[in-house]
Amino acid sequence: MSIRRKRQRPVTSRAIIAFDLDCFYASVAIRARPHLKDKPVVIVQKHLCVTSNYVARSRAKGAVQKMTPVSHALQKCPELVCIDGSDLTPFREASLEVVTAIRAWLADRAREAAAMSNTKPPFCACQRLGFDEVFIDVTELALSEIENGGAPFLFRGHVFGRTDDDELRRLLMVASQLSHQLREYLIAKTQLTLCAGISHSKQLAKLAVNMNKPNDQTVFLPDQSAEYLKTLSPRALQGFGHGTHDKIITWTKHNGKHEGIETVADVLQLFGDGQDGIRRLGTILGNEQHALHILNLCRGVDHTEVLDSGDAPKSISAEDSCRSCTTMEDVSRRLVVQITRLVSRLRSDGQLFSRRPRALSVSYRFRGDGFVGTSRSVPMPTEIVSVCCSQQNKAIPKAIESIKKTALSVLKEHAGVQEGRTFDLTLLAVGASNFSDSDSFKGNGLTTDISEFFIGKAKRIDSGKKKSSGTLHHSQTPTGVSNHVQRTDSKERSTPEAEVRCPICNSKLSGDNLMQNNHIDKCLKSSCTKRDKSAGSVKRARKSLGTRTLDSYFSKRLQR
DNA sequence: CTGGGGTCCT
DNA sequence: AGGACCC
């Protein structure tokens with residue numbers, strides 16, 4: 001297995017950038033539909049608006065926030081353009097496009113710095129958080145540019161706080177220059193805007209990123225960060241989730257301290273008295289390490305490293321939530337949709353990363369279970385191998401069938417979901433994990449870093465000048481170019497074309513692998529959006545408002 | 001009316 | 001396998 005994380009040296013002073021793409025889903029959707037640029041747009045999943053653009057936010061006067069019901073949003077802003085976002089593929093691709101561009105820019109910049117100082121290029125770890133945030137540790141690159149001289153003695157963008165540490169100030173000045181230039185590059189290259197926060201820890205960088213929005217950046221100089229933090233809600237600290245919040249609240253109520261914990265200062269007052277406080281909080285949380293981490297965060301202390309995410313995800317899953325699913329027919333139908341989406345993504349993943357999953361997880365939730373579901377892991381049916389490693393599209397229906405059979409037996413044996421039993425499911429999900437490299441990847445001496453492997457592979461493929469038709473349309477980077485790998489060992493090339501049917505529409509597929517890929521991709525997309533419930537949700541919401549016509553944009557969009 | 005994803009730790 | 005966290 002390749003190394004997917006690089007440890008930074010234990011430095012006393014670091015320069016960390018937090019990037020956050022502005023209203024990411026909305027921006028990606030509008031980029032693909034330029035005519036919507038000046039319209040109020042929301043991205044809809046089921047009955048919820050998950051993101052909106054700034055036009056919608058100002059038009060609805062702040063009433064269209066994250067996770068507002070579509071009906072509520074339409075009351076505030078009837079002209080809202082709703083775009084279905086239940087298929088994350090375009091957002092996942094755009095996210096990969098951005099992080100790939102970031103890596104490429106940093107590598108270029110590192111090479112330049114290395115050339116000047118005649119040293120090896122400084123490495124910048126990049127860590128993704130969700131699809132729209134990236135942490136970058138630019139310490140080594142910034143230090144290298146300072147040593148080389150010529151880096152301006154000047155901050156770029158907003159500056160918050162102060163510091164007496166001259167070296168840190170210098171480091172963050174250079175980091176703010178890097179951040180600004182990298183942002184300009186990303187905006188020009190991807191047409192997506194983003195904010196940046198720059199500081200000496202992940203925590204403060206992340207707090208800084210939200211200080212000037214959108215499309216701007218802020219340096220957080222940390223000398224008085226502790227005082228600033230005390231005024232915030234503890235929930236603003238990354239790592240202080242609602243579980244932690246609830247446990248502390250429960251404890252305070254149980255112990256007659258009804259003050260609550262409105263601010264970080266409140267938390268420190270309860271547990272900030274040294275070892276004893278750590279132990280008490282550790283008992284409440286059931287984890288002393290976590291307690292220590294939380295209390296450090298409250299004081300502005302965060303030594304968390306930026307861990308490089310690597311290129312390949314560790315798990316891939318497809319899920320579907322529904323209000324009610326009570327028959328085997330319904331289970332089967334929903335399962336097949338999600339499995340088809342999963343297999344399609346595994347096919348692309350196999351092309352990109354020469355690997356296949358060994359574990360299949362099946363997750364489900366019954367009505368009344370609240371938010372927690374159950375998941376079971378079983379060996380991935382071996383039929384997936386020819387889909388991922390040999391890229392045999394005619395093997396797709398068999399793989400889907402086999403995974404469906406396995407998933408149904410898991411549901412039957414572990415959840416009692418079977419014919420003749422009554423049940424009501426509100427969530428069905430299938431996932432793939434525990435990836436193993438395919439044989440062609442082994443024993444070739446390239447065991448260090450997967451990105452190096454792809455850069456080399458991409459060059460070889462690029463010289464063949466095969467046009468990319470995969471799902472990474474925007475990417476012009478090595479990773480994107482390598483999307484379609486010609487495999488001489490594929491049996492599909494040597495055997496005469498057997499009948500291949502589209503697993504979605506069941507029509508006969510002609511043409512080569514490439515054309516089949518295109519058809520399946522297109523068919524998959526339309527099948528998944530057509531049966532999506534958000535269309536009905538928006539229709540109902542509009543109807544209840546008395547608006548007769550569905551926005552023409554919206555109806556068009558849902559067909560795609 | 002809580003999406004559709006991900007990560008890591010225990 | 002579940003539970004915490006993140007978006």
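The chains referred to below are lettered A, B, ... by the order of the sequence lines, with proteins before strands, and numbering in each begins at 1.
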Q.
Looking only at the aromatic ring of each residue, does the gap between the centers of A/Phe435 and A/Phe353 stay below 6.0 angstrom?
A. no
Q.
Whole angstroms only, please: what is the CG-P distance between A/Leu292 and B/dC9?
A. 15 Å
Q. According to a strict under-4.0 Å criterion, is A/His72 in side-chain N/O contact with OP1 or OP2 of B/dC1?
A. no
Q) Counting any heavy atom closer than 4.0 Å, what does A/Lys202 reach on the DNA or RNA strands: base, sugar-phosphate only, or nothing? A) nothing
Q.
Before you tell me yes or no, could you show the steps for A/Asp22 and A/Ser27 under side chain to side chain donor-acceptor pair (under 3.5 Å), namely the whole-Å CA-CA distance, both residues' side-chain angles and the distance that decides it to 0.1 Å?
A. CA-CA 7 Å; A/Asp22 299 322; A/Ser27 300; over 6 Å; no
**Q.** Side-chain N,O (A/Arg92) to OP1/OP2 (B/dG4) below 4.0 Å
**A.** no
Q: Any pair with a residue in residues 71-104 of chain A that passes ring pair (Phe, Tyr, Trp, His ring centres under 6.0 Å), sequence neighbours left out, goes on the list, sorted by first then second residue, please.
A: A/Tyr25-A/Phe91
Q | Whichever of A/Pro69 and A/Leu129 has its nearest DNA chain B nucleotide further upstream toward 5' | A | A/Pro69
Q. Within this structure, what is the NZ-to-C1' distance between A/Lys66 and B/dG4, rounded to whole angstrom?
A. 14 Å
Q. Under 4.0 angstrom, heavy atoms only, what part of the nucleic acid is A/Asn287 near: base, sugar-phosphate, or nothing?
A. sugar-phosphate
Q.
Please determine whether a side-chain nitrogen or oxygen atom of A/Arg341 lies at a distance below 4.0 Å from atom OP1 or OP2 of B/dG4.
A. no
Q: Scan A/Gln127, A/Arg103, A/Arg128 and name whichever one has a side-chain hydrogen bond (donor to acceptor under 3.5 Å, both in side chains) with A/Asp308.
A: A/Arg103
Q. How many Å lie between CG on A/Leu342 and P on B/dG4, as a whole number?
A. 15 Å
Q.
Just checking A/Glu288: does its CD atom have more than 12 heavy atoms from other residues, nucleotides or ligands closer to it than 6.0 angstrom?
A. yes
Q) Rounded to whole angstroms, how far apart are CG on A/Asp311 and P on B/dT7? A) 13 Å
Q: Just call it for A/Ser361: base, sugar-phosphate, or nothing, with non-hydrogen atoms closer than 4.0 Å on any strand.
A: nothing
Q: Measure the distance from CG on A/Leu427 to P on B/dG4 and round it to the nearest whole Å.
A: 8 Å
Q. Checking all strands, does A/Arg128 fall into the base, sugar-phosphate, or nothing category for heavy-atom contacts under 4.0 angstrom?
A. nothing
Q.
Does A/Glu133 reach a base, just sugar-phosphate, or nothing at all? Heavy atoms under 4.0 Å.
A. sugar-phosphate
**Q.** d(CD, A/Gln338; P, B/dG3) in whole Å
**A.** 14 Å
Q. When you check the phosphate oxygens OP1 and OP2 of B/dT7, does a side-chain N or O of A/Ser315 lie under 4.0 Å from one of them?
A. yes
Q.
Checking contacts here: which listed nucleotide (B/dG6, B/dG5, B/dG3) is nearest the side-chain heavy atoms of A/Lys46?
A. B/dG3
Q.
What's A/His242 touching, base or sugar-phosphate or nothing? Going by heavy atoms closer than 4.0 Å.
A. sugar-phosphate
**Q.** Nucleotide range of DNA chain C lying under 4.0 Å from chain A heavy atoms
**A.** C/dA1 to C/dC7
Q: Would you classify A/Ala429 as touching base, sugar-phosphate or nothing, given that sugar-phosphate means primed atoms plus P, OP1 and OP2, and contacts are heavy atoms under 4.0 Å?
A: nothing
Q: Decide yes or no on side chain to side chain donor-acceptor pair (under 3.5 Å) for A/Lys404 and A/Ser332, but give the supporting numbers first.
A: CA-CA 8 Å; A/Lys404 180 186 170 189; A/Ser332 188; 3.1 Å; yes
Q) NA contact type, A/Ile43, heavy-atom cut-off 4.0 Å: base, sugar-phosphate, or nothing? A) nothing
**Q.** With A/Asp20, the side-chain contact (heavy atoms from CB on, under 4.5 Å) member among A/Asp132, A/Leu129, A/Leu194
**A.** A/Asp132
Q. Hey, which of these two, A/Gly286 or A/Phe131, hits DNA chain B nearer its 5' end, going by closest nucleotide?
A. A/Phe131
Q) How many Å lie between CD on A/Glu319 and C1' on B/dG3, as a whole number? A) 7 Å
**Q.** A/Arg57 to A/Tyr54 six-membered ring, cation-pi geometry met (6.0 Å, 45°)
**A.** yes
Q: Specify the separation, in whole Å, of atom OH of A/Tyr25 and atom P of B/dG4.
A: 10 Å
Q) Picking from B/dT7, B/dG5, B/dG3, which would you name as closest to the side chain of A/Gln45? A) B/dG3
Q | Near-ring test A/Phe19/A/Phe135, centroid separation under 6.0 angstrom | A | no
Q.
OP1 or OP2 of B/dG4 versus the side-chain N and O atoms of A/Ser321: is any pair under 4.0 Å?
A. yes
